[in-house]
Amino acid sequence: MIYKKVPLDAENENIFLECFIAEKLPNLTRKAILVIPGGGYYNVCADREGEPIAMAFMPYGFDAFVLHYSVKSNSDKVFPAQLIEASRAVKYIRDNAEEFGIDPHKVFATGFSAGGHLCASLGILWNIPEVYEAIDMPFGYNKPDGIIPVYPVINGHTGSFKNLFDTEDVTQENIDRVCLDRHVTKDSSPAFIMHTSNDQIVPVSNSLDLARAYAEAGMTFELHIFPDAPHGVALGNKITNNNVPKYVDASIAKWIELAAYWTDRIEII
């Protein structure tokens with residue numbers, strides 16, 4: 001496996017992409033997964049929602065890329081800086097797809113909690129003007145072929161939005177801009193959404209509202225609501241349990257396999 005760190009911001013060494021690239025096989029063209037850890041837009045929880053997620057996707061034929069993006073603890077940049085960084089990451093993956101042995105039309109993104117918000121933003125707000133003012137690329141080049149938001153913030157976590165805009169007084173205009181269920185259209189990326197019904201940090205209504213928006217737009221999506229686990233369940237196994245017994249659940253741990261299968265099916269749905 002090839003490992004490399006790619007800077008995404010010349011002025012901030014904390015903004016970078018971790019690349020986990022498998023050795024090429026003669027009869028396999030891999031998919032790509034951009035992994036966006038959570039952390040409430042205050043920090044980046046890459047220890048549980050970064051490398052372990054990347055390693056879990058690789059056996060299913062993915063090269064994996066973990067995004068370290070602007071958050072309150074490492075930057076003074078506010079939205080849409082994070083979306084621009086995620087777009088740069090997708091551009092890097094597609095620019096290097098031939099070298100890495102990746103199908104440039106099978107580039108996906110997954111994200112967790114606030115990282116799920118950024119993941120969903122990438123699939124829903126990929127076409128906002130600020131992105132193309134910051135990055136010279138063809139229109140749509142940064143749009144993932146599918147998004148996998150996991151217990152995502154969509155419209156209901158004030159703390160994340162305060163950090164995203166670095167203010168204690170988030171305006172209604174800003175709230176409207178980043179409440180993603182209000183922006184789903186036919187141009188949004190297909191979605192695989194996962195949550196738990198009793199999440200006490202980011203209520204499951206976030207994922208239900210996103211799914212409802214996809215349904216109303218006539219867009220393809222898959223939704224899994226598992227019954228019982230705290231926020232931050234990650235892989236659902238001992239690798240990411242963080243000494244929390246309820247983070248280990250054999251049924252929840254199947255979400256990676258389900259998501260990988262979904263990435264193969266969406267092109268024929």
Side-chain angles (χ1 to χ4, degrees), residues 1-37 44 46 49-70 74-75 77 80-112 115 118-128 130-149 189-190 192 256 259-260 262-264 266-267:
M1 184 177 71
I2 299 168
Y3 172 82
K4 60 166 61 174
K5 288 174 64 174
V6 176
L8 296 175
D9 185 337
E11 299 176 355
N12 189 338
E13 64 181 9
N14 296 304
I15 313 306
F16 61 91
L17 191 64
E18 280 190 288
C19 308
F20 300 87
I21 303 159
E23 297 292 339
K24 286 186 178 181
L25 295 174
N27 298 314
L28 176 65
T29 301
R30 291 184 177 270
K31 296 170 284 186
I33 186 81
L34 176 65
V35 179
I36 308 177
V44 177
E49 296 171 342
E51 182 177 334
I53 307 300
M55 294 297 101
F57 270 99
M58 292 189 76
Y60 293 98
F62 290 85
D63 284 339
F65 303 81
V66 179
L67 180 64
H68 295 251
Y69 54 99
S70 292
N74 69 21
S75 173
K77 291 184 177 180
Q82 298 78 7
L83 180 54
I84 291 168
E85 292 158 6
S87 295
R88 285 199 179 106
V90 174
K91 181 179 185 296
Y92 174 83
I93 294 167
R94 286 206 165 108
D95 283 350
N96 293 278
E98 183 175 358
E99 177 187 347
F100 297 156
I102 292 169
D103 184 339
H105 303 296
K106 292 186 178 179
V107 177
F108 299 88
T110 186
F112 303 79
L118 182 50
C119 165
S121 297
L122 189 59
I124 296 169
L125 301 179
W126 59 269
N127 54 0
I128 65 172
E130 293 95 324
V131 170
Y132 292 90
E133 291 166 4
I135 307 173
D136 182 14
M137 62 181 173
F139 188 70
Y141 199 63
N142 61 319
K143 178 185 175 182
D145 296 290
I147 54 173
I148 306 170
S189 300
F192 175 103
I256 291 273
W262 172 82
T263 66
D264 287 330
I266 57 172
E267 63 188 39

Check step by step if side chain to side chain contact (heavy atoms under 4.5 Å, CB included) holds for S75 and N14.
CA-CA 8 Å; S75 173; N14 296 304; over 6 Å; no
For S189, enumerate each residue passing the side-chain hydrogen bond (donor to acceptor under 3.5 Å, both in side chains) test, keeping only those at least two apart in sequence or located in another chain.
none
Just by modelled atom types, is the I21 backbone N or O under 3.5 Å from a matching donor or acceptor in the D63 side chain?
no
With sequence neighbours excluded, residues passing salt bridge (charged side-chain N to carboxylate O under 4.0 Å, His left out) with E13
none
Describe, in one word, how the ring planes of F139 and Y132 are oriented to each other, choosing from parallel (under 30°), tilted (30 to 60°) and perpendicular (over 60°).
tilted
When you measure from the side chain of R30 to the backbone of G101, do you find a donor-acceptor pair of N or O atoms at a distance under 3.5 Å?
no
When the ring planes of W262 and F192 are compared, do they come out parallel, tilted or perpendicular, using 30° and 60° as the limits?
tilted
Answer whether the closest heavy-atom distance between the side chains of I128 and P80 falls below 4.5 Å.
yes
Enter the distance from L8:CG to K91:NZ here, rounded to the nearest 0.5 Å.
11.0 Å
Can any side-chain N or O of N74 pair as donor or acceptor with the backbone N or O of Y69 at less than 3.5 Å?
yes
Report the relative orientation of the aromatic rings in H68 and F16; use parallel for angles under 30°, tilted for 30 to 60°, perpendicular for over 60°.
parallel
Would a 4.5 Å heavy-atom cut-off, applied to side chains only, mark I148 and T263 as touching?
yes
Apply side chain to side chain contact (heavy atoms under 4.5 Å, CB included) to L125 and V131, showing your working.
CA-CA 9 Å; L125 301 179; V131 170; over 6 Å; no
Taking only Lys NZ, Arg NE, NH1 and NH2, and the carboxylate oxygens of Asp or Glu, determine whether R88 and D9 approach each other closer than 4.0 Å.
no
Looking at F65 versus F20, is the centre-to-centre ring distance below 6.0 Å?
no
Quick one: does any side-chain atom of K24 pair with a main-chain N or O of E99 as donor and acceptor, under 3.5 Å?
yes
Looking only at side-chain N and O atoms, does D95 offer a donor or acceptor that is under 3.5 Å from a partner on Y141?
yes
Has the side chain of E85 got a donor or acceptor atom that lies under 3.5 Å from a matching backbone atom of S70?
yes
Quick check for you: to the nearest 0.5 Å, what is the distance between L122 atom CG and L83 atom CG?
6.0 Å
Mind checking what makes side-chain hydrogen bond (donor to acceptor under 3.5 Å, both in side chains) contact with E49, not counting sequence neighbours?
Y151
Count the heavy atoms belonging to other residues, nucleotides or ligands that lie under 6.0 Å from NZ of K5, then report whether that count exceeds 12.
no
I53 and I33: CA distance, side-chain angles, deciding distance, side chain to side chain contact (heavy atoms under 4.5 Å, CB included) verdict:
CA-CA 10 Å; I53 307 300; I33 186 81; over 6 Å; no
Find the distance between CD1 (I93) and CG (N142) and round it off to the nearest 0.5 Å.
11.5 Å
Taking the side chain from D103 and the backbone from K31, do they hold a donor-acceptor pair closer than 3.5 Å?
no
